[in-house]
Amino acid sequence: SKEIAVDRFRSTAGNDEMVKVVLFLMHEKYNVDKNSLIETIKTIDLIPGVELVLKPHTRGMSDVFEEILRDTLSSTEKTTLCETNSSLALLNWADVAVAYGSSIALQALCNDIPLIYPDYIDSNTTFFDDWGACWKVESVLELRGAMETLISDVNYRPYTSSDVERFLRE
């Protein structure tokens, strides 16, 4: 099992060699394209300099999707599944958040963590995208480019702090 432990957060926190990324998963019944999600996980895992943690939605996953996800994880090298640690603990550990519909995106914005929104994973819309308060990517190739940019400068964002403040106010 590739479950991440709390003490691992402490051991890797501040590790400047790896960009720590948390991908917050939604339940797949909410219009999630499973193939795009699996391709996303595999793509991020292959990017040198990135450590990926997957956080399942608090409402869980279907048994079928969980099996698909675990099969995918068995072929990854730097990706772990974190079912036990809280989303807040993961945000405290992370350099980057990737979310495509979870409300945890709001907390990432409040914590001033770069938020990547992979629009291609589901067919939903989000308020943070509507307000331009995230880094919207429309393909796995764009996501890879965003990750490579963040490896070079983890503080980079294509959106402004005033975009985030305006979104959070409204």
Side-chain angles (χ1 to χ4, degrees), residues 4 6 8-10 12-33 36-37 39-41 43-45 47 49-60 79-170:
I4 193 165
V6 173
R8 183 154 173 229
F9 294 125
R10 293 188 193 105
T12 61
N15 179 354
D16 294 332
E17 295 176 18
M18 298 289 276
V19 173
K20 297 174 290 298
V21 177
V22 179
L23 172 55
F24 293 96
L25 306 172
M26 278 184 54
H27 195 288
E28 72 275 11
K29 73 180 178 182
Y30 297 110
N31 307 313
V32 174
D33 180 337
S36 292
L37 178 58
E39 182 182 8
T40 297
I41 293 166
T43 297
I44 296 172
D45 184 73
I47 300 171
V50 172
E51 179 178 3
L52 177 62
V53 172
L54 306 177
K55 177 61 176 167
H57 195 276
T58 53
R59 291 186 197 100
T79 300
T80 51
L81 180 65
C82 182
E83 295 176 290
T84 56
N85 293 105
S86 75
S87 295
L88 292 176
L90 289 169
L91 281 176
N92 288 333
W93 170 84
D95 298 311
V96 177
V98 179
Y100 51 93
S102 174
S103 60
I104 196 65
L106 297 173
Q107 189 64 49
L109 292 171
C110 288
N111 288 12
D112 197 28
I113 296 171
L115 174 62
I116 296 176
Y117 167 52
D119 180 49
Y120 60 91
I121 288 180
D122 67 13
S123 58
N124 302 319
T125 59
T126 65
F127 289 119
F128 49 85
D129 176 37
D130 292 343
W131 284 84
C134 63
W135 190 339
K136 181 178 181 177
V137 294
E138 296 182 353
S139 68
V140 173
L141 187 61
E142 283 185 22
L143 177 72
R144 183 177 179 89
M147 290 292 169
E148 290 170 348
T149 298
L150 288 164
I151 290 168
S152 298
D153 180 4
V154 77
N155 294 310
Y156 176 82
R157 289 156 184 76
Y159 54 93
T160 66
S161 58
S162 59
D163 293 332
V164 173
E165 289 169 16
R166 191 181 72 235
F167 165 68
L168 293 173
R169 258 194 334 266
E170 299 299 321

Engineer: What are the two closest heavy atoms between E170 and W131, and how far apart are they?
Structural biologist: CG-CH2, 3.1 Å
Engineer: How many angstroms lie between OG in S161 and CZ in R166, if you round to the nearest 0.5 Å?
Structural biologist: 11.0 Å
Engineer: In Å and rounded to the nearest 0.5 Å, what is the CD1 to CG distance from I47 to L143?
Structural biologist: 6.0 Å
Engineer: What pairs with D112 under salt bridge (Lys or Arg N to Asp or Glu O under 4.0 Å), at least two apart in sequence or on another chain?
Structural biologist: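 Checked D112 against salt bridge (Lys or Arg N to Asp or Glu O under 4.0 Å); matches are R157.
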Engineer: To the nearest 0.5 Å, tell me how far L23 CG sits from Y100 OH.
Structural biologist: 6.0 Å
Engineer: Rounded to the nearest 0.5 Å, how far does CH2 of W93 lie from CG of L88?
Structural biologist: 15.0 Å
Engineer: Who passes side chain to side chain contact (heavy atoms under 4.5 Å, CB included) against A105, sequence neighbours left out?
Structural biologist: A99, L115, F128
Engineer: What's the shortest heavy-atom distance between A108 and L91, and which atoms?
Structural biologist: N-CD1, 3.8 Å
Engineer: Using residues 133-142 as the side-chain source, report each donor-acceptor pair under 3.5 Å to any protein atom, sequence neighbours left out, with the distance given to one decimal.
Structural biologist:
from: K136; atom 1: NZ; to: D129; atom 2: OD2; distance (Å): 3.4
from: S139; atom 1: OG; to: L141; atom 2: N; distance (Å): 3.4
from: S139; atom 1: OG; to: E142; atom 2: N; distance (Å): 3.1
from: E142; atom 1: OE1; to: E138; atom 2: N; distance (Å): 2.9

Engineer: Dump the intermediate steps for side chain to side chain contact (heavy atoms under 4.5 Å, CB included) on V22 and I113, then the final yes or no.
Structural biologist: CA-CA 11 Å; V22 179; I113 296 171; over 6 Å; no
Engineer: Compare every heavy atom of I151 with every heavy atom of V19, then report the nearest pair and how far apart it is.
Structural biologist: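 Scanning both residues, the minimum pair turns out to be CG2-CA, 3.7 Å.
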Engineer: With rounding to the nearest 0.5 angstrom, report the CZ to OG1 distance, R144 to T149.
Structural biologist: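 If we round to the nearest 0.5 Å, R144:CZ and T149:OG1 are 11.5 Å apart.
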Engineer: Just one of L52, D95, L90 clears the side-chain contact (heavy atoms from CB on, under 4.5 Å) bar with K20, so which one?
Structural biologist: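 The single option meeting the side-chain contact (heavy atoms from CB on, under 4.5 Å) with K20 is D95.
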Engineer: Given side chains that start at C-beta, do those of T79 and I44 come closer than 4.5 Å, heavy atoms only?
Structural biologist: no
Engineer: Measure across S87 and K55 and return the closest heavy-atom pair with its distance rounded to 0.1 Å.
Structural biologist: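 Minimum heavy-atom contact is OG-CE, 3.6 Å.
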Engineer: Working to the nearest 0.5 Å, report the span between CG of D33 and OG1 of T40.
Structural biologist: 9.0 Å
